[in-house]
Protein chains: 2
Amino acid sequence: MPRNKPQQGADEKKAEILEAARKLFLDAGYEATSITAIATAAGVAPNTIYWYFKDKDELLLAVLDQLLQENLAEFMSVIGRPISEQLLWLVKKLRGFSRLISTVHTRIHESNTLNQWHSQFHITVEQLFRQQLQQQVTGESISVEGRIAAYTIEGLVTHDIEENAAQLTCEALASRWVKP
Amino acid sequence: MPRNKPQQGADEKKAEILEAARKLFLDAGYEATSITAIATAAGVAPNTIYWYFKDKDELLLAVLDQLLQENLAEFMSVIGRPISEQLLWLVKKLRGFSRLISTVHTRIHESNTLNQWHSQFHITVEQLFRQQLQQQVTGESISVEGRIAAYTIEGLVTHDIEENAAQLTCEALASRWVKP
DNA sequence: ACCTGAACACCGTTCAAGT
DNA sequence: ACCTGAACACCGTTCAAGT
């Protein structure tokens, strides 16, 4: 005997908590954002959050999933352009999440689920690179080139250097892949 | 009128605290290590630590300084070898500190002194690369190549992939810098 | 099913007091 | 100068109790 109206407003509440967490995580960073702060912003008691999310890490995971989904779609639209432009676009885009990216790398060692998410993320990203490098690079070095690109971009993002230097670096990366 | 014996055993105590912190930070990570745990390992009361160090970040800084000094000297001895070997040596060496490296990147946003230390560290490292690339790469791209190398190594270290993949990546990096 | 008040164990840090 | 007991404000999380 199924319930047709399980609860109205419940999913909305969860969305509100997630939205509050997202804003605070991006603005102040994961570490500096307390559960209490999220609860206050969402208009609930702190422990209410634990009805919707297992713990603070699962809240982070939900935010990451949301950000990934949004920006992956956006990235697809830029895929036709020259590779150096794609790379620079990625760097600029990811700059907004640099704090969170560092947090993920740190919390990998404390949260197993976050570790899995991160691995899956890199697999996804490197597959994207692979597709583009397929016609430009000899077979055996594709995975290596993908890694160099991924790590360099990660470095450019998390070490926020000047925009000009980032552009030069992206061009240098792309120039590696022109066919002889 | 100078004191000749300012206090005996005082510097030793500080060294003991530092040693305890270093071991715990490397074994369990900075975040998972409480001041109380360090104090217990050093045989003092938790608040005693604050007589020797301003806060937990300054303790981290002291550990980093110590590790840097030791391993910089060690690195000098490998400087004659082929570049790809140097890179792989670096990766293997830094693997032992990967947790701490991630922590530094995260805490940059919370601690100003740590931020300064990190900037200075990258300047030092890139200067080392620059010296070696000087004879192999055209002048204008030296800083870019140094950055790619530094970030790739950082990625190899913090994403602990298989040793073989790391080696291939180091060789690919080095092969970029052979003179035509 | 959904939400909360109260409590728990812990955290980094401070302060007044001891020697 | 060096060290500590006690306290402070806070943290993420749990639990019994309410609706």
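Just so we're on the same page: letters track the sequence lines, and every chain starts at 1.
As rounded to whole Å, 18 Å separates atom P of C:dA1 from atom CD of A:E12. Across the protein-nucleic acid pair, A:I49 atom CD1 and D:dG12 atom P stand 9 Å apart, rounded to whole Å. A straight line from CZ of B:R107 to C1' of C:dG12 spans 11 Å, rounded to a whole angstrom. Atom C1' of nucleotide D:dC10 and atom NZ of A:K56 are separated by 12 Å, given to the nearest angstrom. Look at CD on A:E110: it is 15 Å from C1' on D:dC11, rounded to the nearest Å. In this structure, A:Y50 atom OH and C:dA6 atom C1' are separated by 15 Å, rounded to whole Å. Taking atom NZ of residue A:K14 and atom P of nucleotide C:dC3, one finds them 12 Å apart after rounding to whole Å. To the nearest angstrom, P of D:dC10 lies 19 Å from CD of A:E31.
The main-chain N or O of B:V144 is never found under 3.5 Å from a side-chain atom of B:S141 such that the two would form a donor-acceptor pair. A side-chain donor-acceptor contact under 3.5 Å links B:S119 to the backbone of B:N115. B:N71 places no side-chain N or O within donor-acceptor distance of the main-chain N or O of B:E74, the cut-off being under 3.5 Å.
Looking at A:K92 and A:E163, a side-chain N of the basic residue comes within less than 4.0 Å of a carboxylate O on the acidic one, giving a salt bridge. Classification of A:R107 and A:E110 as a salt-bridged pair fails, no side-chain N sitting under 4.0 Å from a carboxylate O.
Which of C:dA1, D:dT13, C:dT4 sits closest to the side chain of A:W51 comes down to C:dA1. Between D:dT4, D:dC3, C:dT13, one nucleotide has an atom nearer to the side chain of B:Y52 than all others, and that is D:dC3. With distances taken from any side-chain atom of A:S34 to the nucleotides D:dG12, C:dT14, C:dC11, the minimum falls on D:dG12.
Atom CD of B:Q132 is surrounded by more than 12 heavy atoms from other residues, nucleotides or ligands within 6.0 Å.
Remark: DNA chain D takes part in the stems C:4-8 with D:12-16, C:12-16 with D:4-8, each of 3 or more antiparallel Watson-Crick or G-U pairs, criterion distances under 3.5 Å.
For A:H105 and B:H105, the ring centers sit 6.0 Å or farther from each other.
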